[in-house]
Trainee: 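Mind having a look at this structure? Questions to follow.
All chains are named by letter (A, B, ...) in the order of the sequence lines, taking the proteins before the strands, and each is independently numbered beginning at 1.
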2 protein chains.
Amino acid sequence: MARPDHRRLILETLQKQEQPISAQALFAQLRQQGQTIGLATVYRILSHLRREGLLCCHGQPEGEILYSLAEHHYHYLTCIRCRRMIRLPACPWQEWEKTLKFPEPFQVLYHELQLFGLCHLCQGLPKEVGGSKTPLQ
Amino acid sequence: MARPDHRRLILETLQKQEQPISAQALFAQLRQQGQTIGLATVYRILSHLRREGLLCCHGQPEGEILYSLAEHHYHYLTCIRCRRMIRLPACPWQEWEKTLKFPEPFQVLYHELQLFGLCHLCQGLPKEVGGSKTPLQ
DNA sequence: AATTGAGCGAGAACGATTATCATTATCTTG
DNA sequence: CAAGATAATGATAATCGTTCTCGCTCAATT
Ligand SMILES: [Mn+2]
Ligand SMILES: [Mn+2]
Ligand SMILES: [Zn+2]
Ligand SMILES: [Zn+2]
């Protein structure tokens, strides 16, 4: 039986995503499509892609890591209260790059920018007084 | 016996750190100072501070989360090859903030910016051929 | 065909975070 | 002040994302 090209499979799946996706969710999605792939392989390939600078890794405050392709990447406003992620229309890096001064020569291959705060739905809500039982996820 | 003000204790300890610190390390440091505090309480208070937007949460690729006060923070150039981290002299956010247009009203409480690429020492080196066993970050 | 080595998947191991629960301090009320 | 209600605490267990381990399979090479 021919070995499926897992790397290409993962790249294509990442390309289809509208939002950054976790390794576990990626694994579940592939399995649901009938693919025979192991969780370890998903993590292995993601590590490879990361080393090559092809992946954007969005480390969430809860520890889970979301992945997206570095080429056409987006940045998000993340509400620390309701966890909603709002995509910015464009990456501002091209503009910003000119104004940045590095302490030493450095070739930037990709970048991560995450903005955390309160969305307009959560700004007006009363402060949690009690135990604040709402999970941060 | 009077209950100690754990929240103040944690805020003061965070203020002393030169680098972002994990919850576990924070707990160990407090215990080493002779404080009687539980790990659960550390996590509880960190959750509270996070909800209030006082904390910068740096999710590491291995799942560990590093915390720092949102007031004074730094950004780094990270070499994906030798893993060296070069600290930027200043946070460029104040300048950039003016030029950003949000798709909806959003109150930014803190941000995370990381630049990945090749440092000047690693730019000329040949590509890794072997197993690339170097741990990621 | 035999050898070699990289890639694979299932599951165990790991570790950080979260949930649980009995206990204790603090607040409320009379 | 006494007594009950409420909230905070810390030890421990449970959870869960990630990494490690280990036979196994496949494909390239000889
Ligand atoms: Mn960008
Ligand atoms: Mn900054
Ligand atoms: Zn929100
Ligand atoms: Zn380097």
Trainee: Would you call the rings of A:His111 and A:His73 parallel, tilted or perpendicular if under 30° counts as parallel and over 60° as perpendicular?
Mentor: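 Ring orientation, 0 to 90° scale: perpendicular.
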Trainee: May I ask you to decide if the ring planes of A:Trp96 and B:Trp96 are parallel, tilted or perpendicular, using 30° and 60° as cut-offs?
Mentor: parallel
Trainee: Given atom CD of A:Gln60 and atom C1' of D:dG17, what is their separation to the nearest angstrom?
Mentor: 13 Å
Trainee: For the side chain of A:Tyr43, starting at C-beta, report the closest nucleotide among C:dT18, D:dG17, D:dG10.
Mentor: D:dG17
Trainee: Check the distance between D:dG10's P and B:Arg31's CZ and give it to me in whole angstrom.
Mentor: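 The answer, rounded to whole Å, is 7 Å.
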Trainee: What is the separation between atom CD1 on B:Ile37 and atom C1' on C:dA25, rounded to the nearest whole Å?
Mentor: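 So the two atoms are 16 Å apart, to the nearest Å.
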Trainee: Which sits closer to the 5' end of DNA chain C, B:Arg44 or B:Tyr67, going by the nucleotide each is nearest to?
Mentor: B:Tyr67
Trainee: Report the distance from atom NE2 of B:His48 to atom P of C:dT18, rounded to the nearest whole Å.
Mentor: 12 Å
Trainee: Could you state the atom-to-atom distance from CD1 of B:Ile45 to P of D:dA8 in whole Å?
Mentor: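 It works out to 10 Å between those atoms.
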Trainee: Starting at atom CG of B:Leu46, determine the distance to atom C1' of D:dT9, rounded to an integer number of angstrom.
Mentor: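 Taking CG of B:Leu46 and C1' of D:dT9, I get 15 Å after rounding.
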Trainee: Can you see if the side chain of B:His6 gets near the phosphate of D:dA8 - specifically, an N or O under 4.0 Å from OP1 or OP2?
Mentor: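 Answer is no, no contact under 4.0 Å.
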Trainee: Rounded to the Å, how far apart are A:Glu64 CD and D:dC16 C1'?
Mentor: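 The distance from CD of A:Glu64 to C1' of D:dC16 comes to 9 Å, rounded to the nearest Å.
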Trainee: Find out whether A:Leu88 and B:Pro103 are in side-chain contact, i.e. whether some heavy atom of one side chain is under 4.5 Å from a heavy atom of the other.
Mentor: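 With C-beta onward as the side chain, the pair touches.
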Trainee: Nearest to the side chain of B:Ile65 - D:dA11, C:dC8, C:dT17?
Mentor: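 From the listed options, C:dT17 comes nearest.
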Trainee: What's the closest nucleotide to the side chain of B:Ala40 if the choices are D:dG10, C:dC8, C:dT18?
Mentor: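 Minimum distance to the B:Ala40 side chain belongs to D:dG10.
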Trainee: Just to be sure I understand the rule, does B:Arg7 reach a base, reach only the sugar-phosphate, or reach nothing, if contact means heavy atoms closer than 4.0 Å?
Mentor: nothing
Trainee: State which of D:dA27, D:dT19, D:dT9 makes the closest approach to the side chain of A:Arg3.
Mentor: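 So the nucleotide nearest the side chain must be D:dA27.
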Trainee: Would you mind classifying the nucleic acid contact of A:Ser22 as base, sugar-phosphate or nothing, using non-hydrogen atoms under 4.0 angstrom?
Mentor: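 Answer is nothing: A:Ser22 stays at 4.0 Å or more from every strand.
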Trainee: Separation of B:Leu39 atom CG from C:dT17 atom C1', in whole Å?
Mentor: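 Distance check: B:Leu39 CG to C:dT17 C1' gives 9 Å.
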Trainee: A:Lys98 and A:Gln94: which non-hydrogen atoms are nearest, and at how many Å?
Mentor: CE-O, 3.7 Å
Trainee: Show the nearest heavy-atom pair for residues A:Tyr76 and A:Tyr74, with the distance to one decimal.
Mentor: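 Answer, listing the atom of A:Tyr76 first, then A:Tyr74: CE1-O, 3.7 Å.
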